[in-house]
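First comes the structure, then the notes that go with it.
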2 protein chains.
Amino acid sequence: MSMGPKQAILAEFAGVARALGHAHRLELLEHLGQGERGVDALAARVGLSLANASQHLQQLRRAGLVANRRDGKFIYYRLADDGVTDLLTALRRQSERNLAEVDRIRRGYFADRDSFEPVSREDLLERVASGLVTVLDVRPQDEFGQGHLPGAVNIPLGELQDRLAELDPDREVIAYCRGAYCVFAFEAVAALRAQGRPARRLVDGFPEWKAAGLPVATSF
Amino acid sequence: MSMGPKQAILAEFAGVARALGHAHRLELLEHLGQGERGVDALAARVGLSLANASQHLQQLRRAGLVANRRDGKFIYYRLADDGVTDLLTALRRQSERNLAEVDRIRRGYFADRDSFEPVSREDLLERVASGLVTVLDVRPQDEFGQGHLPGAVNIPLGELQDRLAELDPDREVIAYCRGAYCVFAFEAVAALRAQGRPARRLVDGFPEWKAAGLPVATSF
DNA sequence: TTTATAATCAACTGATCTATTGATTGAATT
DNA sequence: AATTCAATCAATAGATCAGTTGATTATAAA
């Protein structure tokens, strides 16, 4: 066998890549990007059995992508650092660029719901500074609480119809949720536009905002 | 089964990650980063059977990471675009950050050979501009010919001892080769320093230089 | 048309990965 | 000490992956 040092290093890199090589693990990472969580909560959100989620999380841990801590009888997992989000972003960029299948899915589902250009982080910062927009966080309340964009209003998608009154109808809404492919923001923009309100969505989500080093607010 | 659009997209991303999840494929990508190559040449350099290399290359192609073209009876593979190098760099960064094993290998092998700080691309550009350094490309001649740093001198590692006279002993040498873990540059720096000559190495290699959009020279 | 060469394809073995099941560990509660 | 709950561990069956071997396709040359 005897590998040279380069092969040994490449084998380690390959191990990290392989840890990213399963949709369930990517989804776990997306949720962990919102903040730390217990195994049970993650399993429920991603739709996995507890044992299965536990094992996927351990693979991520072996790859150095997540870390965990024990608090009483709960074990909380979190992303190892913001660099993980950067790696996920790089993976997404490359996949979007050269995978026809990604484009097909996006056109077939997402593009129908949002024919308007998404807003970049820079655009959002500018518009917030000029006081022209409402930033809307459509994630569940607990995720909002763990960290959100400064000044954002939290109305989870399911409550949006009932709480429209909370949004000034003359201000443009910029909605965001967990990431570039989280459907909540798409649905929220579609719902608002159906009411004749101006709305667009942030190009990606909270983890990317945080990984970019931009300020984050919490509710605790 | 019925997956939502997000799960379908994540499954595609996972497919790309899985394509990176094997040391042989990462090594193939490293070689493709130097320029396009035929299957036979790649198989020989990476030490794979022809059929095995062919199959790995096809996995990379399905993942949209490489492209190929036919010319006569040869099929030449190349990286799909410079973004692939960026993704590989992101993978390397993350792996270095949180994998104790990578650090151990690096200390055990590489650090022994090069206790001096590597030179960043920006540093190299500055030093070249001030005319103080010789840039040394220690890759094989054919790789040099397909693309190299402007003004670089090509002396493949194996010929370095015999061709020392070609290097001005008073100018610092900055050596580079295929990438951050290519051993050639480490060996070259060690050999030069053993002769009492000032030498350091570029932090990564030719593909990263090219992907950064910096100028590239060719010999054809 | 025959021959040679580059690469892929097909089939197969052994290895690794995924998800489930049930047992086990660790920490808090009774 | 006994109980309860979160999470991991262990064992397993089915699926996918890696690498070899030999056959096949595509192109160029004899």
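Everything numeric here is computed off the predicted structure, so don't read it as measured data. Just so you know, these numbers use all the heavy atoms, side chains as well, and skip hydrogens, waters and symmetry mates. In what follows, every chain begins at residue 1, and chains take the letters A, B, ... in the order their sequences are listed.
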- For B/Gly179 and B/Glu208, the nearest pair of non-hydrogen atoms, with its separation, is CA-OE1, 4.0 Å
- Message: Please classify the nucleic acid contact of A/Leu50 as base, sugar-phosphate, or nothing, using heavy-atom distances under 4.0 Å.
- Response: base
- Phosphate contact (C/dC17 OP1 or OP2) by A/Gln59 side-chain N/O below 4.0 Å: no
- Using only side-chain N and O atoms of B/Ser54, determine if any of them is under 4.0 Å from OP1 or OP2 of C/dA7. no
- Separation of A/His24 atom NE2 from D/dA15 atom C1', in whole Å? 15 Å
- Query: What integer distance in Å separates B/Gln58:CD from C/dA7:P?
  - Reply: 12 Å
- Note on the structure: When rounded to whole Å, the CZ to P distance for the pair B/Phe74 and C/dA7 reads 6 Å
- Message: Output the rounded distance in Å from CD1 (A/Ile75) to C1' (C/dT24).
- Response: 14 Å
- Heavy-atom closest pair, residues B/Ser219 and B/His148: OG-NE2, 3.5 Å
- Using heavy atoms to find the nearest nucleotide of DNA chain C for B/Ala41 and A/His56 separately, return the residue whose nucleotide is more 5′. B/Ala41
- Item | A/Leu48 CG - C/dA19 P separation (whole Å) | 7 Å
- Message: Testing the 3.5 Å rule here: is there a donor-acceptor pair between the side chains of A/Arg97 and A/Gln94?
- Response: yes
- Measure from the ring center of B/Tyr181 to the ring center of B/Phe186 and say whether it is less than 6.0 Å. no
- Query: Among B/His31, B/Glu143, B/Glu27, which one satisfies side chain to side chain donor-acceptor pair (under 3.5 Å) with B/Arg45?
  - Reply: B/Glu143
- Query: When we call it a touch if two heavy atoms are under 4.0 Å apart, what does A/Arg61 touch: a base, just sugar-phosphate, or nothing?
  - Reply: nothing
- Taking OP1 and OP2 of D/dT16, is either one under 4.0 Å from a side-chain nitrogen or oxygen of B/Arg18? no
- Message: Measure CG/A/Leu20 against P/C/dT18 and give the value in whole Å, please.
- Response: 12 Å
- Message: Using side-chain heavy atoms (C-beta onward) and a distance below 4.5 Å, is B/Val102 in contact with A/Phe13?
- Response: yes
- Message: So that I can tick it off, tell me whether A/Asp86 and B/Arg93 are bridged by a salt bridge, with the cut-off set at under 4.0 angstrom between side-chain N and carboxylate O.
- Response: no
- Message: Expressed as a whole number of angstroms, how long is the span from A/Arg37:CZ to D/dA6:P?
- Response: 16 Å
- Query: In whole Å, what is the span from the CG atom of A/Asp40 to the P atom of D/dA6?
  - Reply: 6 Å
- Query: If you check every side-chain atom of B/His22, which of C/dA19, D/dA18, C/dT8 has the closest atom?
  - Reply: D/dA18
- Per-nucleotide protein contact along nucleotides 21-30 of chain D, 5' to 3', at a 4.0 Å heavy-atom cut-off (B base, S sugar-phosphate only, - neither), is B-----BS--
- Describe the nucleic acid contact of B/Tyr77 in one word from base, sugar-phosphate, nothing, applying a heavy-atom distance below 4.0 Å. sugar-phosphate
